[in-house]
Enquirer: 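Starting off with a structure, shown below.
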Amino acid sequence: MSFSERVYRLCRAIPEGKVTTYKILAEKLGVRAYRAVGNALNRNPYAPEVPCHRVVGGDGSLVGFAHGLVKKRALLRKEGIRFRGFRIIELDKVLYRF
DNA sequence: TATTTGACCAAGA
DNA sequence: ATCTTGGCCAAAT
């Protein structure tokens with residue numbers, strides 16, 4: 001089971017309308033490879049089965065998305081998440097901590 | 001085998 | 001609040 005596969009497995013557990021952060025995912029995997037988590041998601045081969053759009057930066061800002069941040073924000077908005085620019089409002093209320 | 005590349009993050013200025 | 005810097009580590013090159 002590779003590192004990337006473990007990342008994908010965790011991602012599947014994020015419920016609709018909630019988000020998590022790269023850091024939380026990494027910590028859940030017992031590592032500090034925050035960046036490696038992002039890397040794995042970037043090359044996510046299981047989209048959209050794995051909801052990688054529900055992973056954001058530690059401060060609630062959208063950091064990246066294979067198909068563009070605008071697309072990512074649109075998806076999250078559809079799930080009820082609100083934004084100010086590319087930053088989530090009230091992050092603590094929609095943050096999924098497992 | 002070695003180097004480079006990020007969808008990161010914490011701390012300092 | 002915003003910007004820069006240094007450290008992080010799996011994967012791709």
Enquirer: A:Y34 side chain: which of B:dC9, C:dC8, C:dA10 is closest?
Expert: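 Given the options B:dC9, C:dC8, C:dA10, the side chain of A:Y34 is closest to B:dC9.
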Enquirer: What's the CG-P distance between A:L62 and B:dC8, to the nearest Å?
Expert: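 From A:L62 CG to B:dC8 P: 12 Å.
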Enquirer: Does a side-chain N or O from A:S4 land closer than 4.0 Å to OP1 or OP2 of C:dA11, or not?
Expert: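 Yes, within the criterion.
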Enquirer: Quick check for you: among C:dA10, B:dC8, B:dC9, whose closest atom lies nearest to any side-chain atom of A:T21?
Expert: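 Of C:dA10, B:dC8, B:dC9, B:dC9 is nearest to the side chain of A:T21.
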Enquirer: C:dC8 C1' sits how many Å from A:L25 CG, rounded?
Expert: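 So the two atoms are 16 Å apart, to the nearest Å.
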Enquirer: Test of understanding: clusters of I, L, V, M, F, W, Y form through side-chain heavy atoms closer than 4.5 Å, transitively. Do A:Y46 and A:L41 belong to the same one?
Expert: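 Looking at the clustering, A:L41 is in the same group as A:Y46.
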Enquirer: Between P on C:dC3 and CG on A:D59, what's the gap in Å once rounded to a whole number?
Expert: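 Result: 12 Å.
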Enquirer: Counting the atoms with a prime plus P, OP1 and OP2 as sugar-phosphate, which does A:Y22 contact under 4.0 Å by heavy atoms, base, sugar-phosphate, or nothing?
Expert: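 The answer is base, as A:Y22 lies within the cut-off (heavy atoms under 4.0 Å) of a base atom.
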Enquirer: To the nearest angstrom, how far is A:L76 atom CG from B:dA7 atom C1'?
Expert: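 These atoms are roughly 13 Å apart.
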Enquirer: Would you kindly give the CG-to-C1' distance between A:N44 and C:dA12, to the nearest whole Å?
Expert: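 Distance check: A:N44 CG to C:dA12 C1' gives 16 Å.
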Enquirer: Could you pick out which residue, A:N39 or A:G58, lies toward the 5' side of DNA chain B when each is mapped onto its nearest nucleotide?
Expert: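 Taking each residue's closest nucleotide, the earlier one in sequence belongs to A:N39.
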Enquirer: Hey, what do you get for NE2 (A:H53) to CG (A:L69), rounding to the nearest 0.5 Å?
Expert: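 Atom-to-atom, A:H53:NE2 and A:L69:CG are 13.5 Å apart.
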Enquirer: Can A:Y34 be reached from A:L25 by stepping across I, L, V, M, F, W or Y side chains whose heavy atoms are under 4.5 Å apart?
Expert: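 No.
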Enquirer: Which is more 5' along DNA chain C, the nucleotide nearest A:R35 or the one nearest A:R87? Just name the residue.
Expert: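 Looking at DNA chain C, the more 5' nearest nucleotide goes with A:R87.
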Enquirer: Pick base, sugar-phosphate or nothing for A:A26, based on heavy-atom distances below 4.0 Å to the nucleic acid.
Expert: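 Counting heavy atoms under 4.0 Å across all strands, no contact is made by A:A26.
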Enquirer: In this structure, how many angstroms lie between the P atom of B:dC8 and the CG atom of A:L29, rounded?
Expert: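 In whole Å, B:dC8 P and A:L29 CG are 16 Å from each other.
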Enquirer: Could you work out which one of C:dA12, B:dC9, B:dA7 sits closest to the side chain of A:R43?
Expert: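 Comparing C:dA12, B:dC9, B:dA7 against the side chain of A:R43, the answer is C:dA12.
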Enquirer: Can you identify which nucleotide, out of C:dA10, B:dA7, C:dC8, has its nearest atom closest to the A:L41 side chain?
Expert: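 Closest nucleotide among those given: B:dA7.
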Enquirer: Would you kindly check if the NZ (Lys) or CZ (Arg) of A:R73 is within the cone defined by 45 degrees around the ring axis of A:F86 and under 6.0 Å from the six-membered ring centre?
Expert: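 Because its charged atom sits under 6.0 Å from the ring centre and within 45° of the axis, A:R73 does stack over A:F86.
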Enquirer: Using a cut-off of less than 4.0 Å, is there contact between a side-chain N or O of A:K23 and OP1 or OP2 of B:dA10?
Expert: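 True: A:K23 side-chain N/O within range (under 4.0 Å) of B:dA10 OP1/OP2.
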Enquirer: Over how many whole Å does the gap from A:L91 atom CG to B:dC9 atom P extend?
Expert: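 Spelled out: CG on A:L91 to P on B:dC9 is 11 Å.
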Enquirer: CD of A:E27 versus P of C:dC9: gap in Å, rounded?
Expert: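 A:E27 atom CD is separated from C:dC9 atom P by 13 Å.
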Enquirer: Can you find a side-chain donor-acceptor pair between A:N39 and A:R43 that sits under 3.5 Å?
Expert: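 Yes, a side-chain donor-acceptor pair sits under 3.5 Å.
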